[in-house]
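Comments concern the structure below.
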Amino acid sequence: HTGSTRSFDYVREHNAAVNRLYMMVERVEITASSPATWQAVATGAVAATFPDLDFVLGYVSELAYLRGHRGVTHSIVLLPLWGLLLAALMSRLFARDRATHTWRGQGFAAFYLVACAALAIHIAGDLITQFGTMILAPFSDRRFGLGTTFIIDLPLTGIILAGLAASALWRRSRVPAAIALVALAG
């Protein structure tokens, strides 16, 4: 019936009025793309090298280096904090493009996950050495270590480098990484 909001005339008049508005701003879809491989690799590389930034203690003194190396930067207690710091840094580096309202990278959670995983792998790698690691720093300065590996293990390092080099050459294949992983485990 006439005047009803369900009538065809009402809908047609309403649409005509809305279509006359010139203030309507074009909608821009805001999307989050999947993480770019290079962004994940860059985040992992930065996070994996971060614990060894304590090398600067060597500029203070040899004693400071020996006492502080593998300290708070290698702490599993502080790992979530270091992950937050690195994720904040990397997410700002790969921030949203304000012109197109799209993400050039993944959100903060993805950076946090990659950073924490890389930190944990670095800490675990140092934990197996004879030198030990202060994994409970700053609450304890006790060094924990399994002592299964010398600090610089050339065969272990060689397998890792060979796996990385082969993966760089054959980027589309996971076989080089799988072979290196099997060689490390066996």
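Computed from a predicted model, the values in this text were never measured in an experiment.
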Search all heavy atoms of [X] against all heavy atoms of [Y] and return the closest pair with its distance.
| X | Y | result |
| --- | --- | --- |
| Ala180 | Gly163 | CB-CA, 3.7 Å |
| Ala115 | Ala87 | CB-N, 4.5 Å |
| Ala47 | Ala118 | CB-CB, 3.7 Å |
| Pro138 | Val72 | CB-CG1, 4.3 Å |

- Query: Quick one: side chain to side chain donor-acceptor pair (under 3.5 Å) pairs with a partner in residues 55-69, sequence neighbours left out?
  - Reply: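 Listed by first then second residue: Asp54-His69.
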Shared hydrophobic cluster for [X] and [Y] (ILVMFWY, side-chain gaps under 4.5 Å):
| X | Y | value |
| --- | --- | --- |
| Ile121 | Phe131 | no |
| Val46 | Leu81 | yes |
| Leu136 | Leu146 | no |
| Leu79 | Leu113 | no |
| Val114 | Leu85 | no |

Taking C-beta and beyond as the side chain, do [X] and [Y] meet within less than 4.5 Å on heavy atoms?
| X | Y | answer |
| --- | --- | --- |
| Asp52 | His74 | yes |
| Leu86 | Phe111 | no |
| Pro80 | Tyr112 | yes |
| Val77 | Phe139 | yes |

[X] [atom1] to [Y] [atom2] distance, which is reported to the nearest 0.5 Å:
| X | Y | atom1 | atom2 | answer |
| --- | --- | --- | --- | --- |
| Phe144 | Ile123 | CZ | CD1 | 13.0 Å |
| Ile135 | Ile76 | CD1 | CD1 | 4.5 Å |
| Thr73 | Leu53 | OG1 | CG | 7.5 Å |
| Leu181 | Arg174 | CG | CZ | 13.0 Å |
| Thr148 | Leu127 | OG1 | CG | 9.0 Å |

- Task: Output every pair passing salt bridge (charged side-chain N to carboxylate O under 4.0 Å, His left out) with a member in residues 120-130, not counting sequence neighbours, ordered by first then second residue.
- Result: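 For residues 120-130: Arg70-Asp126.
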- Item | Side-chain (Ser91) to main-chain (Ala88) donor-acceptor, under 3.5 angstrom | yes
